[in-house]
Every structure is written in structure tokens, then in C-alpha cells.
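Nothing here was measured: the structure is a model prediction, and the numbers come from that model. Chain naming here is simple, since letters A, B, ... match the order of the sequence lines and numbering starts at 1 in each.
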Protein chains: 2
Amino acid sequence: MSPKPVSRSTRRTRRPQHATIRDVARAVGASISTVSAALNGTDYVSAAMRAKIEAAVQQLQYRPNDLARGLRLRRTHTLAIVVPDLSNSFYAEIVRGMKDYTAAANYTVLVGDSRERWAEEKLFLEMLHRRRVDGVVRVPAGDGNASQAAQVLGTIPVVYADRYPEADHPVAAWVGVDNARAAMDATQYLISLGHRRIAIISGPTTTRTAAERLEGYQRALRAIGSMHKEYIRNGELDMAGGARQAIELLTQAKPPTAIFCANNTMTLGALEAIQQLGRACPREISLLGFDDFAWSTLLRPRLTMVRQPAREIGMTAGRMLIDTIEERTRNRATQTLPTQLMVRDSCAPPLRP
Amino acid sequence: MSPKPVSRSTRRTRRPQHATIRDVARAVGASISTVSAALNGTDYVSAAMRAKIEAAVQQLQYRPNDLARGLRLRRTHTLAIVVPDLSNSFYAEIVRGMKDYTAAANYTVLVGDSRERWAEEKLFLEMLHRRRVDGVVRVPAGDGNASQAAQVLGTIPVVYADRYPEADHPVAAWVGVDNARAAMDATQYLISLGHRRIAIISGPTTTRTAAERLEGYQRALRAIGSMHKEYIRNGELDMAGGARQAIELLTQAKPPTAIFCANNTMTLGALEAIQQLGRACPREISLLGFDDFAWSTLLRPRLTMVRQPAREIGMTAGRMLIDTIEERTRNRATQTLPTQLMVRDSCAPPLRP
DNA sequence: ACTCAAGCTCGAATCGTTTTGGCTGCCCGC
DNA sequence: GCGGGCAGCCAAAACGATTCGAGCTTGAGT
């Protein structure tokens, strides 16, 4: 009835173990406490003893065991960040920014990729809990359920980056950009070039950022009274999705003269589609993207895009996290960083038919 | 004389702590050992008790503390990988491959970026040692000193990926490609198109892979007796380096008709340079690169490149590492994976003057 | 001469797990 | 009526660090 107990006894291999603080203590004929005090500078230790300890540490190649340390201290000096897509350079850059900032404060960061799926994100968050990370920054997966995160993370501090947490939750710490504003500016730029038939390819509206960008686009078009339902598309955030929507848009009876893509991978997809259809960009069709990336100047045409300060978002998230962890501040502030429209070659006035 | 001891006492904030196994035990009126046995299925526990424990675990949101676990078990179920440049999609893909493979075996992986500097890599490796990771895969930084790694890592198992460790060390586990062969094949392809004045932009010869690729290139050209010193360049591995070398090559009296770039970022740099100089690629100058990347089909011309199976390299490295950790095997084998020449649009026969 | 503080060192408790060995019943076969 | 195996449970010893309190010398101040 009851299951046969499984013996965990992987044969106790005597792998030559690491030197411990006890080994150092023995080597210099001192007590463990003294060695600890010497290494951490946390109590008086004579110069002579200190020197002997230094020598022993060097000779034994002693390195403190951070597991034991973390257990005792209840602090691991580890942070984590989870993003929806690590191969997207936008998120990669956020991660890099956070790593750079927090490394200076002596934190390590674990990075996770949810692939836009809450199920995967949850697995990662549970792992973080077990490892007792000191804090985590989340760019929540796009398929909802973000509110369950508090459950699995318990009391571990969280900072949100880029995307909002669920609306019903009290907005915690957050850093990002004013998406509606940025999208409106971008759309107005296209309008100023003379475009009227402007399409948008947006992400699923379950992600707040996508919804906000759509909102900004609509506000700009409503202002000039030329918003048309058939030019509004949304779907998957990836390249294939962008390409498919672009093809649908361009092959309809009265195609748009400009396309605004609400993230970077969809922009690439749209560009691919345009080239496949043999349309000239920007002469026949203008393309404007979101989330700049490093090699966007290598493409032909060089893409005009809305640039988000990805690195700064990462660094700010790191800073906010560390601040709340070390209780330098308890303000659950939200930080809004500025965007920038990088005007390059992919947008031009529309053809006068 | 002796320094004033620094008090570490960050005020002992009573952050509401996590539930422990002891809490679970108390909740169900059992002993710690019983709870542990139940959770790990490592000893007989009655069905009734097991159920009560499950319930308590759920109710208290108990999650085992992996620090304590790792301390006791002397196993952290954590691996690490350190690469020279995370923003290079080639290495990013290796990392991704390793993560995917090892996640299935329930390992977490820490990833580090050495930026081609041993000093940075060393810092990272020291951190890994303190955290007692179970193993690490290294793509060693290009500036030598790789042999010191054994020192700082102690007895932690290592697998090398892509790049070789120093020659003087006994070659440990390694996975990568036959660089000399791949470079030779690529060069022969250019020869078969009719090129004779073929240049190479290679990396610093301190990295074995760069040296091998140069070697393969030379072998192919020597075979037809048209190797020329002035067509051999090496320098930094980044985009700017590639661009600079390409400009020097193309502006000399008798410029090459084809350029072979020994990694992906330098290839992008060369392409940029070619476009800046207004040379038509591939009509006037052919370009062949190394290390394919995802969006290479978006560039114009679509780049012809030698593809390395990055993902497989990462997965294989992960597998080898886990195998040696779990002592399924102790063969310090080396694995050579096949490359593939992705023929696209950036190479054409040379102009007949 | 007495007190007190500073300088130096140490023992023991603690952090949250796993694991070993032992203790209890109980049932079974003699 | 007894030995012994099995099921179920537990106490205590690790694992490797930090930290609290206390003990022991000195030297200075009174």
C-alpha cells in the first residue's frame, strides 16, 4: 500500500572537499570565531594573528561557503530577474543593465526566461523562493495570472519593469516608460509626414504595454478623425506574427501607407513581409517600430524606431530593488523614463496616387 | 594600530520569515524527520500522516530552503557557464542550449559574461566557488591565463565549449567544432567561385579558435599557391575592429575580391564598412562570415556564413557536465560537432577587370 | 591598590535541512 | 511464547558559517 521507500543513497563518493573555516582555524591554532572575526573585520584581532590567518587562507585556498553564510545570515546577496524573451535584445539589455548596476553592490543575479508563459515563470519563481533570493524584478509573462506571483514569492520584495502588474493589485514598485505617450508621438510623426491610412500591429491586449501603445495610437488618430478598425491588428509578439499581420494588411483592398509595429520582433517580421511582397520601403510603405535594437542601423532601410532606455530600465529596477531590500527607502515609487524617436530611413511621405 | 572593528549589525529587522520544516512538523504534531521522509519519499510514512503533511505544506506555503539543503547535501544542483560576450547571439544561443538541456535534469544555471577579460572571468569563477556550484562550462576569455582557472575552481568539474583551454594543460572535456576544417571549406568555396585575392579578418591569435581558422584559411590558399601576407589581418573581435580592418583592406592598392571574417560581429563590421565605402556586395566584393545568427537573412545582401551548431554545443556541454558530476561517466572526452556553410547572397564570382 | 576599559580570544548556540540508528508495536511462522 | 521482520516514527548529529557573551591580560586613571 505505502510506496517502497526510495533510497537516496547515491554512493557517498568522497570527492575531495573544500577547505572550511575550521581548517583555517586548525592551521593557525586559533578558534573558528577568531578566524571569522579576522576575515570579516568584525571584531578585534591582533595583527600577528591576522597575518597568520591571511597566509593560511591563501595556502589552503579557502573560500567561505556562501550556502552556510546565507543560511546563518538569512541573506543570500542574490537577486533575480525574469523576462518574457531573453533572445529579444530589448530584454537582454534590461538584464545587462540590472547585472551591471547590482554587481557594483556585490549582488549576483539569476536570470529566467518565461517565454511569455506564466506556467514557466511560476516554475522559476518557485525556484527563487527555495533559494531564498533577496529580491526579484519581474517583467511578467503576457498571459495574465500575474497576481498569483505574490502567492509563490511570499515576502520576497518585487520590482516590476517594463510591464505593469495586474491592475487589481496595489501597484508596487515599477519602472518603465510612458507607452501611450510614446505611441502617440510616433503616430503623430507619421501623420506629420502626410500619412492618413496608418495601421498598427500590436501585441495581445492582455499585456498592459500593448494596450497602452494601442491607446496612444488611437488617441493620435482620433484627433484627426481618421481611425479605421481594419487597420488595427494584434496577435503574437514574435516575428512570424508581425509578418503575417503585415501581409494581411498590405494585401487588402485599400492598404495602409504606413505601419506602426508595437515591438521590435514584430517590426522585423513586418519588414521581412514587405520585402517578400516586393513593396519598396519607405517609398511605397512606411514602417515605424518600437524598442530599438543595436543592429537596426545595419538593415536596409535603416529602421525608424521608438527607443526605450532598456539599460537604464534595468539599472533603475536594480537600484529600486536593492533600496527596498536594504531598507534605505520604503517608497514603492514608480519611475517613468523618457523614450526617444530615432528617425532613420524607413518612413517617408506617402505616395500621392 | 589595529583597525576599529566594524559592526556588521544592520539592525536586525524582523522581516516575517519563511515557514520551515519545523513549522510543518509542529503543525501536524510530527517530528522533523518524519516530515522530511514524507516530502522526499525516503522512508516509510503512513498514508494518513502523509496527507496531513501535504495539507500543512500547502497551508503554510512551505518551501524547502535550498541553502540548508545544499549545505547538508553538499550538492547545490546549480551549474554555471561563462562566455566572453553575452550580447553575441552565438554565445547567447550556447547558453540557451545549455539551460534548456540542464533544466530538464533539474539544474539551474548561473551565467557570466567575461567581456573577453580574464580578470572579470576570475571574479565570476571565485563567486561560483563560494556558492559551491556543482560544475561549470567555460568559454574562456581570449586574453590568456586560462590555466589559472584550475586554481580558483579547485575540484569543481569543468567542461570547455567552443574555445580550447591552454595547450599546456591536459585537455579536459571539450565540445566544439573543427575550426580549421570549417575555415578551409569556406575558403575553398570562395576559390571555387573564382576568387584568388582572398583576405581574412581573424581574431587575436591568443584564442585557439581564431588561430585554427587562420590555419585552415592558409592551408586552402597555400594549396593553390596564392597566399599573400597583406591579406591577413587580425585584431579585436568586435564590430568596430571588423570595420576598421575591412576599410584598410579595401583601400589598399590591390584590394582583395573577397573577405572571410572569422566571427559574426566582425562580419557585421565589415559589411558596414563595405556599405560606407559604397562598394557593391557581392558584385564588387564578396563577404563570407563565421558564426551564423538568427537575423542574418534580414540583412541585404543576405550573408553567406559558416554556421556553428551553437544550441547543440550548449546542450552537449551541459550533458557532459552533468555526466561527470553524477559520475555516469568519467571519460573526459572531446566532442566535435559539424559545421555547415549557409550559402546565401553575399558571395559571387569576382569581377573580371 | 583598585577599577575600568580596551584588546584579544574562545565556546556554544543558531540557521534549516538530511540521515543514521534506534525504538516501538504488530503480525507471522514456528 | 518467542524470534524476527516490517511499518512507522523520532532524537541527535552533521553541514559551515556568524555572533553573543564571557574570560583573560594589560595599561591607565584615580
Side-chain angles (χ1 to χ4, degrees), chain A residues 1-12 15 17-26 28-53 57 60 62-77 129-132, chain B residues 1-10 12 15 17-26 28-53 60 62-77 129-132:
Chain A
M1 184 106 295
S2 52
K4 190 90 153 291
V6 169
S7 169
R8 274 278 197 84
S9 89
T10 55
R11 79 177 131 321
R12 184 137 292 292
R15 212 196 282 285
Q17 49 214 0
H18 310 260
T20 76
I21 199 175
R22 164 173 285 110
D23 296 329
V24 176
R26 248 199 297 269
V28 303
S31 81
I32 291 177
S33 355
T34 302
V35 176
S36 175
L39 293 182
N40 298 317
T42 181
D43 201 351
Y44 294 105
V45 174
S46 71
M49 179 62 87
R50 198 188 307 273
K52 276 204 296 182
I53 290 176
V57 162
L60 294 176
Y62 166 73
R63 311 225 186 255
N65 183 328
D66 272 353
L67 298 172
R69 218 147 176 278
L71 182 57
R72 177 67 232 251
L73 260 17
R74 318 172 85 96
R75 286 282 313 278
T76 53
H77 263 268
H129 191 171
R130 287 197 307 269
R131 293 195 179 234
R132 301 296 191 267
Chain B
M1 184 104 296
S2 52
K4 191 86 152 296
V6 170
S7 170
R8 273 276 199 85
S9 89
T10 56
R12 186 136 290 290
R15 211 195 282 285
Q17 49 214 358
H18 310 260
T20 76
I21 198 175
R22 163 173 286 110
D23 296 329
V24 177
R26 249 198 297 269
V28 302
S31 81
I32 290 177
S33 352
T34 302
V35 176
S36 175
L39 293 182
N40 298 316
T42 182
D43 200 352
Y44 294 106
V45 174
S46 71
M49 179 62 89
R50 200 189 306 273
K52 277 204 295 182
I53 289 175
L60 295 175
Y62 166 73
R63 310 225 187 256
N65 183 327
D66 272 354
L67 297 173
R69 218 149 177 278
L71 182 57
R72 176 66 233 245
L73 258 17
R74 315 173 85 96
R75 287 281 314 276
T76 52
H77 262 268
H129 191 169
R130 286 197 307 268
R131 291 194 182 238
R132 301 298 190 265

Spacing of CD1 belonging to A/I53 relative to OH belonging to A/Y62, to within rounding of 0.5 Å: 10.5 Å
Send over the distance from A/D43 CG to D/dC20 C1', rounded to a whole Å. 10 Å
Nearest-Å distance, OH (A/Y44) to C1' (D/dT25)? 15 Å
I want to confirm an ordering. Mapping B/M49 and A/L39 to their closest nucleotides on DNA chain D, which one lands closer to the 5' end? B/M49
Which angle, rounded to 10°, do you find between the first-five-pair axis and the last-five-pair axis of the helix from C/dA1-D/dT30 to C/dC30-D/dG1? 60°
Whole Å only: how far is the CZ atom of A/R132 from the P atom of C/dT17? 7 Å
Can you tell me the distance, in whole Å, between the CG atom of A/L67 and the P atom of C/dT17? 14 Å
Quick one: is C/dT18 close enough that its OP1 or OP2 comes under 4.0 Å of any side-chain N or O from B/R69? yes
Contact summary for A/V35 and A/A25, nearest pair of heavy atoms: CG2-CA, 3.7 Å
Partners meeting side chain to side chain contact (heavy atoms under 4.5 Å, CB included) with B/R22 (sequence neighbours left out): B/T20, B/R26, B/I32
Pairwise N/O distances under 3.5 Å, protein to nucleotides 13-15 of chain D:
unit_1 : atom_1 : unit_2 : atom_2 : d
D/dA14 : N3     : B/R72  : NH1    : 3.4
D/dC15 : O3'    : B/R74  : NH1    : 3.4

Rounded to whole Å, please give me the gap between CZ in A/R130 and C1' in C/dC15. 19 Å
Distance check: side-chain N/O of B/S31 vs OP1/OP2 of D/dA11, anything under 4.0 Å? no
To the closest 0.5 Å, what do you measure between NE2 (B/H18) and CZ (A/R74)? 8.0 Å
In short, B/T76 meets A/R131 closest at the heavy-atom pair O-NH2, 3.5 Å
For a quick check of understanding: with a heavy-atom distance under 4.0 Å over all strands, which category does A/A30 fall into, base, sugar-phosphate or nothing? sugar-phosphate
Counting only side-chain N and O atoms of A/S36, is one of them less than 4.0 Å from OP1 or OP2 of D/dT18? yes
Using atom CD1 of B/I32 as one end and atom P of C/dG16 as the other, report the distance to the nearest whole Å. 10 Å
Verify, without hydrogens or angle tests, whether B/N65 (side chain) and B/L67 (backbone) share a donor-acceptor contact under 3.5 angstrom. yes
Without decimals, in angstroms, what is the distance between B/R131 CZ and D/dG16 C1'? 16 Å
Heavy-atom nearest pair, A/R50 first then A/A38, reads NH1-O, 4.1 Å
If you check the B/S33 side chain, which of D/dA11, C/dT9, D/dA17 turns out closest? D/dA11
By salt bridge (charged side-chain N to carboxylate O under 4.0 Å, His left out), A/R132 pairs with (sequence neighbours left out) none
Rounded to the nearest Å, what distance is computed from the CZ atom of residue A/R75 to the C1' atom of nucleotide D/dT19? 17 Å
What one should report as the nearest heavy-atom pair of B/A68 and A/L71 is CB-CD1, 4.0 Å
